[in-house]
Structures are given as C-alpha cells and as structure tokens.
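One structure below.
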Amino acid sequence: WGRCLDEEVQQQARDLGQECRDPEFVHGIYGWFAEVSSDVSLAVLFDVLLGEASRALARRLVRLRNYELLYDRRYALVMLSLFIEGLSKVGMFVVLGFVFLPQWPADREGSASEICRGFVDYEVCRAAVGCDDAIDPQCCSGSLLCIAQHLKFGQRQQMFQRAVKGPFCVAPFVRILATVIIPWIIGYLDSATRDVGPLGAVGLTPASSRSSSSVVSPSKAVTTTCRLPVCLRRAALAITRFASLLLRLDGDSVGGLAYVVDGWPFGAVRAA
C-alpha cells in the first residue's frame, strides 16, 4: 500500500532527494495516520491482549497441575503468566533482530523463486500453498526472510526501529491509560450512579415520588414507556457498569454480569 518498492515511486523520491520508507511519502496525512494506528495497535496487542492471553494459558496449565494449596496455585499462575508474556514479547524481536535485520547472505536480485530458495519460512509457505514457479514466480514472496532479500540493510534497520517503537515507546502510555486513567474515570461515573438501582427503574418513576434513600422497583413504576432520553440513560448506565466490571471491580464479589442489570449489590454500612 505504501508503494515504496515501486520503481516509479523510488525514482520520484530520488528526484526530490529523499527516500521512500513509509506510506506518508505517497499518501500524506493518511499514511501518517496509518503508521500511528499500527503503533497503537501493536502497543495494545503487546500490553493488553498478550497479557490476557498469557494469563489464560497459564491458568490452563496450572489447572492441569492440580495444586493442593491455594498459595502454590497462585504463585505458579503468576510466575507462568509472567514467563509466557515475557517470552512472547522478547521472542518476536529476537527473531527480527538476529534473523531479519542482519546481512547474512549476499544481496541477490530476481524473483522470489530465485532469491528465496532454501529459506525455511519460504519453503514451508511453498509446501503449504502449493506454489508453481511457472504460474506465479512471486508466490510466498511475503515470507519474512524473502522480504529481507528485497530490502537493503538501511531499509531493514528502519523497519526494525519502527517495529519496536509501538511496544516499547507507545505501550507504557497505553498501560497508564488502561490501568490508571480510564479506571479512575469509570470509577467516578460508577460511584455517581451507584444509587440509581436496577436498569429497569431508570426513568420509570417521576422524581417527586422517589426519595434519595429508596429505589422503586420497575414493577411499581408509574409509567413503563421507554422514551429516547430514558433509553439513552439506560444504555449509558449499562455501559458504565460493564466497563467498571471489567476494569475496576471483582466480578465474583458484585455478582458478575448481574451487576450490569441490578447495580450495586450492597447497602450502606451502619453501626450496630
């Protein structure tokens, strides 16, 4: 999509005294936005989704071991999840840094069937796809080591630097958003609407017939018409509770998904 491998684009870049290394050269602001979006996506993938996947896999492995003591079970779960997540993050960049980036073989020119023959990932791709060099000589040219043969060392170095920018530069800020700022905002909204009660009671009773210390059930409501403002309030309340359940609260303690419908399950603390 960036078209930096096209001869026409490369010649245009040389005429301007530049080098095409990203989609911003051809697509302008849209190319810049696509590059920033990929960095943010990588940060979310490595910092949020990878952690959840590692914990799920670790939980499965710990369940197979069937520990007798809860302390041993939790210790194994934490250590395994950290090990799997760290190995997954580092492993990708070890492959890029020691296999893709260095100039191991001499530069070669030609089609993928000529310059990529013998590489492990290329041969595996050919066997899986069933490539025919007579029909498509560029078959499986998108394999990692085959891409490296089409790029100069400076271009591969530029790609490696941009690949690590998302997980190592953008990811810390994503983690701050996901673990501090967003939960704080959701917690403030959830606390402000904690006395509303079940979703079905929102907007069903006139304000004059409700007191600040009581919640009227939907069955005793005056009207059951769901007007647009009422429906929007219910939707916003449901989204707030669901986000709070995901980011702040312990699901087992507040009733799981029932919290989204029924609201805060505990009453006010009173001295005996």
Side-chain angles (χ1 to χ4, degrees), residues 1-7 9-10 13 19-23 25-26 31 34-61 64 79-171:
W1 181 67
R3 298 178 54 195
C4 286
L5 293 179
D6 294 352
E7 291 294 335
V9 176
Q10 293 180 0
E19 185 175 2
C20 180
R21 290 186 173 181
D22 51 58
F25 181 82
V26 176
E35 186 177 359
V36 172
S37 300
S38 65
D39 290 337
V40 175
S41 301
L42 276 176
V44 172
L45 176 65
F46 272 78
D47 204 65
V48 180
L49 299 182
L50 183 59
E52 295 298 327
S54 300
R55 280 190 288 273
L57 180 58
R59 192 177 298 111
R60 175 62 178 171
L61 295 176
L64 294 176
M79 296 305 296
L80 272 177
S81 61
L82 289 177
F83 177 77
I84 295 173
E85 184 176 359
L87 187 63
S88 302
K89 287 183 177 180
V90 176
M92 172 185 173
F93 295 103
V94 167
V95 173
L96 290 178
F98 289 95
V99 177
F100 176 79
L101 178 60
Q103 184 70 34
W104 297 113
D107 290 333
R108 292 180 289 180
E109 296 182 358
S111 62
S113 59
E114 298 173 349
I115 66 176
C116 301
R117 184 80 64 177
F119 294 137
V120 177
D121 56 345
Y122 177 75
E123 296 297 338
V124 171
C125 179
R126 281 175 54 85
V129 178
C131 297
D132 188 351
D133 297 339
I135 299 177
D136 186 10
Q138 296 295 335
C139 181
C140 289
S141 59
S143 59
L144 183 66
L145 295 179
C146 194
I147 293 177
Q149 297 304 307
H150 289 87
L151 301 175
K152 298 179 181 179
F153 175 75
Q155 294 174 324
R156 296 199 301 273
Q157 187 178 27
Q158 179 80 3
M159 290 182 62
F160 180 77
Q161 291 174 352
R162 296 195 173 189
V164 301
K165 182 174 65 175
F168 293 100
C169 297
V170 182

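Remember, it's a predicted structure, so these values are computed and weren't measured experimentally.
- With respect to Val99, the side chain to side chain contact (heavy atoms under 4.5 Å, CB included) criterion is satisfied by exactly one of Asp121, Val94, Leu145: Leu145.
- What you find for Cys116 and Tyr122 is that their closest heavy atoms are O-CD2, 3.2 Å.
- Every residue two or more places apart in sequence or in another chain that forms a side-chain contact (heavy atoms from CB on, under 4.5 Å) with Cys125 is listed here: Val129, Cys140.
- Contact annotation: the side chain of Gln157 approaches that of Phe153 to within less than 4.5 Å [non-hydrogen atoms, C-beta and beyond].
- Distance check, rounded to the nearest 0.5 Å: CG of Leu61 to CG of Leu80 gives 6.0 Å.
- What you find for Ser81 and Ala58 is that their closest heavy atoms are N-CB, 3.5 Å.
- Take Val124 and apply the side-chain contact (heavy atoms from CB on, under 4.5 Å) test, not counting sequence neighbours, and it matches Val120.
- For Phe83, the side-chain contact (heavy atoms from CB on, under 4.5 Å) partners at least two apart in sequence or on another chain are Leu87.
- Leu82 pairs by the side-chain contact (heavy atoms from CB on, under 4.5 Å) definition with Val78, not counting sequence neighbours.
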